[in-house]
Amino acid sequence: MKRKFAEVLKHLFVDKYNCIICDRELPAPTPHRTCNVCYHKLEIIEDGFCLKCGKKLYGEGEYCLDCQEHEKYFDRAVAPVCYSGAAMRTVQELKYENRRYLAEPLARYMIDRFLSEELSVDLIIPVPLHEKRLKERGYNQSELLAAEISRALGVPMDASVALRVKDTLPSTQLQGRKAREENIEGAFVLKTKDAVKNKIVLVVDDVLTTGATSSELSRILKKAGAAAVYVLTFATTREKPPVERQESN
Ligand SMILES: [Zn+2]
Ligand SMILES: [Zn+2]
């Protein structure tokens, strides 16, 4: 009992001077709350990314093969780090281990990345969770990130515009493009259609993997008259080497 209580306290009151990745004490508080060692372990994306989906490219060029061959409904997606190692673990802690305090430092990485692109937006929309998932988890991690970004950029966030009406499977669990498209099709509806009309919308999510979720949400936002849709996630996957691409398509 005592141990459990200590565990609860740990989640509620977090020492702001500790690194969010290795938990070692930081010499000084920093917005990213990451020590130097851990920062260098993150695969920060500064160049060599796809100009459409933001994925770290396998080879040279401007667009990944997937974006060259298939339509995505968002205008651009960007992310500060690759979804691997420490970044992956931290996202999972935010998502599944109730470590809501991680939203603030992770959002800091996202804000820096967003500002480096000099994009301007009118409205921020977090990718909604299905009601069932929201009940299980108690919070939507994308909304926590979006709230931090909204505060920092001074751009309003509206988490009630879009609803997730279909309890989809994680697209990484599905083999093949067709299965992923069918899984996500019709997953979202807009509650207030006029809210996005003629607006430049920034969709916020924790991770971009196949891009299917963000693309589907962007599709209905555009259908409702959004002028442009950008996507900002904390992490994104790397473009796969040509051999693996064959297998997953
Ligand atoms: Zn560290
Ligand atoms: Zn791409």
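Being a predicted model, the structure only gives us computed values, none of them experimental. Whatever order the structure lists ligands and atoms in, that order sets their numbers, starting from 1. Side chains are part of it too, since the values below use all heavy atoms of this structure and drop only hydrogens, waters and symmetry mates. Nothing fancy with the numbering, it's 1 onward along the sequence.
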Checklist entry - Salt-bridged, Arg113 to Glu117, with N to O below 4.0 Å? => result yes
Next on the checklist: Please report, to 10°, the angle around the Zn ion (ligand 2) from atom SG (Cys53) across to atom SG (Cys64).
Outcome noted: 110°
Checklist outcome for this item: The angle formed at the Zn ion (ligand 1) by SG of Cys22 and SG of Cys19 is about (to 10 degrees) 100°
Checklist entry - Does Lys222 pair with Asp75 as a salt bridge, N-O distance under 4.0 Å? => result yes
Next on the checklist: Quick check for you: with the Zn ion (ligand 1) as the vertex, what angle do SG of Cys35 and SG of Cys38 span, to 10°?
Outcome noted: 100°
Checklist entry - Salt bridge check: are Asp47 and Lys56 linked by an N-O gap of less than 4.0 Å? => result yes
Item to check | Considering all heavy atoms, the nearest Glu216-Ile184 contact | outcome: CG-O, 3.4 Å
